[in-house]
2 protein chains.
Amino acid sequence: MSAKGQQGRKPRADVQRNRAALLEAAQRHFLRAGVGASLEAVAKEAGVGPATLYRHFPTREALLAAVLQTRSEELVARQEDIALLGDASEALRQWLRALEEYFSAFSGLPEPLMAAVREREPDNPLTLPCDELIATTDEYVRAAQLAGHARPSVKGYDLYLAAVSVAWIKGSGATDEESLDRLRALIESGYREQDGEE
Amino acid sequence: MSAKGQQGRKPRADVQRNRAALLEAAQRHFLRAGVGASLEAVAKEAGVGPATLYRHFPTREALLAAVLQTRSEELVARQEDIALLGDASEALRQWLRALEEYFSAFSGLPEPLMAAVREREPDNPLTLPCDELIATTDEYVRAAQLAGHARPSVKGYDLYLAAVSVAWIKGSGATDEESLDRLRALIESGYREQDGEE
DNA sequence: ACCTGAACACCGTTCAAGT
DNA sequence: ACCTGAACACCGTTCAAGT
């Protein structure tokens, strides 16, 4: 039972090349056609057969999660910048904007992200990153509440949902930036404590 | 040019039967499988060939719009009840809930509805109903604003978008009723005038 | 005028055969 | 151990042929 496939050994060179080519092709296609892009086309552009794609990424979600890895790292980096602010209210606001941008990486991305939270199956590779983002949002909310800048009834998950919603609307393309801004303002005045404006 | 197909004449009996059977089958499938349900399966259940479905409803949107007709009429009826309230603030709140229920008729419905608003092509049979709903929402918002119950910066379209969003989240199934209620409360305190609580 | 079912195209997924 | 391309299944859409 100990001589299975993926020991800590270096993967073969062509395996690494295939994986990299698949990720690059997938990102291009997700950008162009949204998360529902044809996997056949991705494999073709990466110069491999469809079965090779499935060997590397058994589900569309697995491929999506791998492509999103880079963006997640950007989000973590952003968190450090935000921490420097000091102001809990402004920190929460900026975090929500960063979340929204992350969700807007590809058109149609909010859908599988919500599904990942719904199913709560450990085999969905998107569940873990989502849970982390929800937890982080909750931390920002708590900090803002302690500083008197957010209503006590608001939870991190609520604002996570609000951010996904805005991203979904943005991705649907039915709306100009002005409407989005009004929607963001509406959400903001929804979670803010009225008096704590200093 | 005047002896075309659909004059005011009565359609043949089998045509009426087919149309009715298609609508019934479509509603069942949309309820079970969401708006992306297999049209092939719909035709099969209605006892007709796929081409007959396409003759009656050239696009998925056309079929969807026809199935939604009944629900739209329910919404209009609801409007009359709401008008009896007198209270502009409560009227707006109830209208938004009615909208949300309408959008939740089938899973995945928010998607094509947003697309209809985006494309603004007259051949999309969902565009007209959506535009009407937006206009109606705007009337409720204006009335609430006149009564001092809604912020002047809010537009009907904003709250229309908010209602679609809540329906989308509800339809994604990732969320319990409590979270939805908190989200609705957040939106409400977002558009309400703080002082005008009487 | 309307219907039918076969036909075509496209894509996700798997499997037998290669190296 | 990994790759390949053929094969299968499913579905949306159209077309030639019927009545």
Side-chain angles (χ1 to χ4, degrees), chain A residues 1-23 25-26 28-30 32-64 66-67 108 111-112 115 123-125, chain B residues 1-23 25-26 28-30 32-64 66-67 108 111-112 115 123-125:
Chain A
M1 290 293 234
S2 66
K4 269 292 179 55
Q6 52 282 62
Q7 230 125 17
R9 299 292 159 71
K10 304 168 190 173
R12 246 163 52 182
D14 59 332
V15 172
Q16 284 179 281
R17 248 185 297 114
N18 281 342
R19 189 189 149 88
L22 280 166
L23 284 176
R28 262 197 300 276
H29 281 261
F30 287 155
R32 226 182 295 145
V35 295
S38 159
L39 297 184
E40 197 188 359
V42 169
K44 194 169 290 178
E45 192 173 304
V48 303
T52 301
L53 189 157
Y54 280 92
R55 169 169 285 269
H56 280 268
F57 306 103
T59 63
R60 183 182 293 272
E61 282 72 31
L63 178 58
L64 195 50
V67 172
E111 212 86 48
D123 56 310
N124 187 330
Chain B
M1 290 293 233
S2 66
K4 269 291 178 61
Q6 53 281 64
Q7 231 125 18
R9 299 293 159 70
K10 304 168 189 173
R12 246 163 55 181
D14 60 332
V15 173
Q16 284 179 279
R17 248 186 296 114
N18 282 341
R19 189 188 150 88
L22 281 167
L23 284 176
R28 264 197 299 277
H29 280 261
F30 286 156
R32 225 182 294 145
V35 295
S38 160
L39 298 183
E40 197 188 357
V42 169
K44 194 169 291 177
E45 193 173 304
V48 304
T52 301
L53 190 157
Y54 280 92
R55 168 169 288 269
H56 280 268
F57 306 103
T59 64
R60 182 183 294 270
E61 283 71 33
L63 179 58
L64 196 51
V67 173
E111 211 86 48
D123 55 311
N124 187 329

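Throughout, a chain's letter reflects where its sequence line sits, starting with A, and its residues are numbered from 1.
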Trainee: Which helical stems does DNA chain D take part in, if a stem means at least 3 consecutive Watson-Crick or G-U pairs with both distances below 3.5 Å?
Mentor: C:4-8 with D:12-16, C:12-16 with D:4-8

Trainee: Taking side chain to side chain donor-acceptor pair (under 3.5 Å) as the definition, give me every residue that meets it alongside A/Arg32, ordered by chain and number, with sequence neighbours left out.
Mentor: none

Trainee: What does the list of N/O pairs under 3.5 Å between the protein and nucleotides 17-19 of chain C look like, with a distance for each?
Mentor:
none

Trainee: Going by the rule side chain to side chain donor-acceptor pair (under 3.5 Å), which residues pair with B/Glu45 if we only count those two or more places apart in sequence or in a different chain?
Mentor: B/Arg28, B/His29

Trainee: Produce the list of close N/O pairs, under 3.5 Å, pairing protein atoms with atoms of nucleotides 9-12 of chain C; give distances to one decimal.
Mentor:
from	atom 1	to	atom 2	distance (Å)
C/dG12	OP1	A/Leu39	N	3.1
C/dG12	OP1	A/Arg60	NH2	3.3
C/dG12	OP2	A/Ser38	OG	3.4
C/dG12	OP2	A/Leu39	N	3.1
C/dG12	OP2	A/Glu40	N	3.0

Trainee: Got a sec? Which of residues 44-53 of chain B come in under 4.0 Å of DNA chain D, heavy atoms?
Mentor: B/Pro50, B/Ala51

Trainee: Going by ring pair (Phe, Tyr, Trp, His ring centres under 6.0 Å), name the residues that satisfy it together with B/Tyr54, two or more places apart in sequence or in a different chain.
Mentor: none

Trainee: Mind calculating the distance between CG (A/Asn18) and P (D/dG5) to the nearest angstrom?
Mentor: 12 Å

Trainee: Under 4.0 Å between a side-chain N/O of A/His56 and OP1 or OP2 of D/dC2, yes or no?
Mentor: no

Trainee: Between A/Gln16 (CD) and D/dA1 (P), how many Å, whole number?
Mentor: 17 Å

Trainee: B/Pro125: what forms a side chain to side chain contact (heavy atoms under 4.5 Å, CB included) with it, not counting sequence neighbours?
Mentor: B/Glu61, B/Ala62, B/Ala65

Trainee: Under the rule for side chain to side chain contact (heavy atoms under 4.5 Å, CB included), what residues qualify as partners of A/Ala21, not counting sequence neighbours?
Mentor: A/Ala46

Trainee: Taking side chain to side chain donor-acceptor pair (under 3.5 Å) as the test, write out the residues that go with B/His56, two or more places apart.
Mentor: none

